[in-house]
**Student:** 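Please read through the structure below; I'll follow up with questions.
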Amino acid sequence: MELTSPRTIRAIADRFGFTFKKGLGQNFLTSPEVLEKIAQAAEIEDGVLEIGPGFGVLTQTLCEYAEKVVAVEIDSRLNEVLEFTLSGYRNVKVINADIMKTDIKKLIRDEFGDKRISVAANLPYYITTPVITRLLEEKLPINNIVVMVQKEVAQRLCALPGGKDYGAITLLCRYFTAPEIITNVKAGLFVPPPKVDSAVVRLKMLDAPAVSVKSEDMFFKTVRFAFAQRRKTLMNCLSSGFGIPKDELSDIFEKANIEPSRRGETLSIEEFANMADRISEYFG
C-alpha cells in the first residue's frame, strides 16, 4: 500500500470517514526519501517505539528495519485505519494511549524486555517539549530519539550558545544527547500541508552526561531560572529564582568566574555546570 501517495492518503481518509485534527498535529509525510532518512538515523538494532503513527506512513518503513515496532497513538479514530494500513506487517503492535499518561519505562520493559531501543516520532508543536523532556529525564533504555518537529523547534533543540534559539530545552538535550538536524522537510511534503516547514532531529544518547555535576536537580534548576526571564541578567534571574541575596550571589559568581551581568543564552553547558555546583555548595 503506497502510503506516500497523497491520493492514497485521501482515499483512506474518505473510506473511513476520517477528518484531520489540526490540534493533534495530524500532517502525514509523503516523502519516501525522508522516511528512509528517519529510519536510518534511528540506527535501529532491535525495536522501535513510535509516538503518533497517524496513518502508519512512517510505521511501515520502521517495520522494514526493526524486529518489532510498538506504535502509541492517542487518537482512537485511527485504530481501524491502522489495522487496515498495517495489515501486511506481523512485527507491529498499536497501542491506543496518550504517551504523556503512559508509564513509558514499563511499556518498554513489557514490549522489548531488556533490549535498548530507538524512538521515532512526528511531534506536533504543543507536545514536543513535554515528550522530549520525559524521554530524557526518565533515563530510559534508548539509543536514539529521532523526531520530526517544526523547523524552529529543531533549531532550538540543536542551538549553540549566544543565539536566540539557545534555551532550557537546548541544555536538556545537550546534557543527555548529541543533537543533530538530519534534514529539513518542506511543508508541501505533508498531507494536509502544515503552515510551516519541519525538520528531522536525531538525539543520540550519550554514554554519560555531557558534564559532571554535584546535583542534576540543581543543574536543571539553574538552567530553568536562567531562562525564566530572558531579558534579565543572570544575577537578577538566579537571585529571584533561588532567593539568594545579591551580595551573597555575587560571591558565588566570583567563585564560578562568571560575570553576573551576562545572560543565560551566553553560557556554555560547562559554565552552567560550574555555576550550579557553586550554588549547590552554597546550600550545603
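Bear in mind that the values here come from a model prediction, so they are computed numbers and not experimental data. Both backbone and side-chain heavy atoms feed into the values below; hydrogens, waters and symmetry mates do not.
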**Student:** Taking atom OH of Y89 as the centre, report whether more than 12 heavy atoms of other residues, nucleotides or ligands fall under 6.0 Å from it.
**Tutor:** yes
**Student:** Are any non-hydrogen side-chain atoms of L157 and I132 less than 4.5 angstrom apart?
**Tutor:** yes
**Student:** With a 3.5 Å cut-off and no angle check, do the side chains of E45 and Y65 form a donor-acceptor pair?
**Tutor:** no
**Student:** Quick test of your reading of the model: are E281 and R278 salt-bridged, counting only N-O distances below 4.0 Å?
**Tutor:** yes
**Student:** Check whether any side-chain heavy atom of N122 sits under 4.5 Å from a side-chain heavy atom of V57, and report yes or no.
**Tutor:** no
**Student:** Are the side chains of E50 and L58 in contact, using a 4.5 Å heavy-atom criterion?
**Tutor:** yes
**Student:** Please confirm whether K68 makes a cation-pi placement over F112, using NZ or CZ under 6.0 Å from the six-membered ring centre and within 45° of the ring normal.
**Tutor:** yes
**Student:** Is K115 salt-bridged to E67, cutoff N-O under 4.0 Å?
**Tutor:** yes
**Student:** At their closest point, which heavy atom of L62 faces which heavy atom of A120, and how far apart are they?
**Tutor:** CD1-CB, 4.0 Å
**Student:** Are Y175 and F220 close enough that their ring centers fall under 6.0 Å?
**Tutor:** yes
**Student:** Set out, in order, the CA-CA distance, both residues' side-chain angles and the distance that settles salt bridge (Lys or Arg N to Asp or Glu O under 4.0 Å) for K186 and D197, then state yes or no.
**Tutor:** CA-CA 5 Å; K186 293 292 185 181; D197 291 340; 3.6 Å; yes
**Student:** Between F28 and F55, how do the two ring planes meet: parallel, tilted or perpendicular, split at 30° and 60°?
**Tutor:** tilted
**Student:** Out of I252, L249, D251, which one pairs with Y282 under the side chain to side chain contact (heavy atoms under 4.5 Å, CB included) rule?
**Tutor:** I252
**Student:** With salt bridge (Lys or Arg N to Asp or Glu O under 4.0 Å) as the criterion, how do K204 and E43 come out once you've worked through the C-alpha distance, each side chain's angles and the decisive distance to 0.1 Å?
**Tutor:** CA-CA 10 Å; K204 189 175 183 65; E43 297 178 336; 2.6 Å; yes
**Student:** Can you find a pair of side-chain heavy atoms, one from V185 and one from S31, that are under 4.5 Å apart?
**Tutor:** no
**Student:** Looking just at side-chain N and O atoms, do N236 and K246 make a donor-acceptor pair shorter than 3.5 Å?
**Tutor:** yes
**Student:** Let me see the working for K221 and D217 under salt bridge (Lys or Arg N to Asp or Glu O under 4.0 Å), right down to the final yes or no.
**Tutor:** CA-CA 6 Å; K221 277 185 179 179; D217 181 60; 3.6 Å; yes
**Student:** Nearest heavy-atom pair of S118 and A42: which atoms, and what distance?
**Tutor:** OG-O, 2.7 Å
**Student:** Just how far is it from atom CG of N96 to atom CZ of R77, taken to the nearest 0.5 Å?
**Tutor:** 11.5 Å
**Student:** So, is the end of the R10 side chain (NZ or CZ) under 6.0 Å from the ring centre of F18 and within 45° of the ring's axis?
**Tutor:** no
**Student:** Rounded to the nearest 0.5 Å, what separation is found between the CD1 atom of I142 and the CG atom of L136?
**Tutor:** 7.5 Å
**Student:** Do D165 and T170 make a side-chain contact, defined as non-hydrogen atoms from C-beta onward lying under 4.5 Å apart?
**Tutor:** no
**Student:** Check K214 with D277, please: is the shortest side-chain N to carboxylate O separation under 4.0 Å?
**Tutor:** no
**Student:** For the pair S5 (side chain) and E2 (backbone), establish whether a donor and an acceptor sit closer than 3.5 Å, ignoring hydrogens and angles.
**Tutor:** no
**Student:** Without swapping roles, check the side chain of E138 against the backbone of L135 for a donor-acceptor pair under 3.5 Å.
**Tutor:** no
**Student:** Output yes when a side-chain donor or acceptor of E73 lies under 3.5 Å from a complementary backbone atom of D75, and no otherwise.
**Tutor:** yes
**Student:** Is the CG atom of D14 crowded by more than 12 outside heavy atoms at less than 6.0 Å?
**Tutor:** yes
**Student:** Could you check whether any side-chain N or O of R202 sits under 3.5 Å from a backbone N or O of A41, counting only pairs where one atom can act as donor and the other as acceptor?
**Tutor:** yes
**Student:** Should we count CG of D110 as having more than 12 external heavy atoms under 6.0 Å?
**Tutor:** yes
**Student:** Does E216 come within less than 4.0 Å of K139, counting only side-chain N to carboxylate O?
**Tutor:** yes
**Student:** What class does the angle between the rings of Y166 and F227 fall in, given that below 30° is parallel, 30 to 60° is tilted and above 60° is perpendicular?
**Tutor:** perpendicular
**Student:** Please tell me if the side chains of I169 and T133 come closer than 4.5 Å, counting only heavy atoms from C-beta onward.
**Tutor:** yes
**Student:** If I take atom CG from residue D98 and atom CD1 from residue I74, how far apart are they, to the nearest 0.5 angstrom?
**Tutor:** 4.0 Å
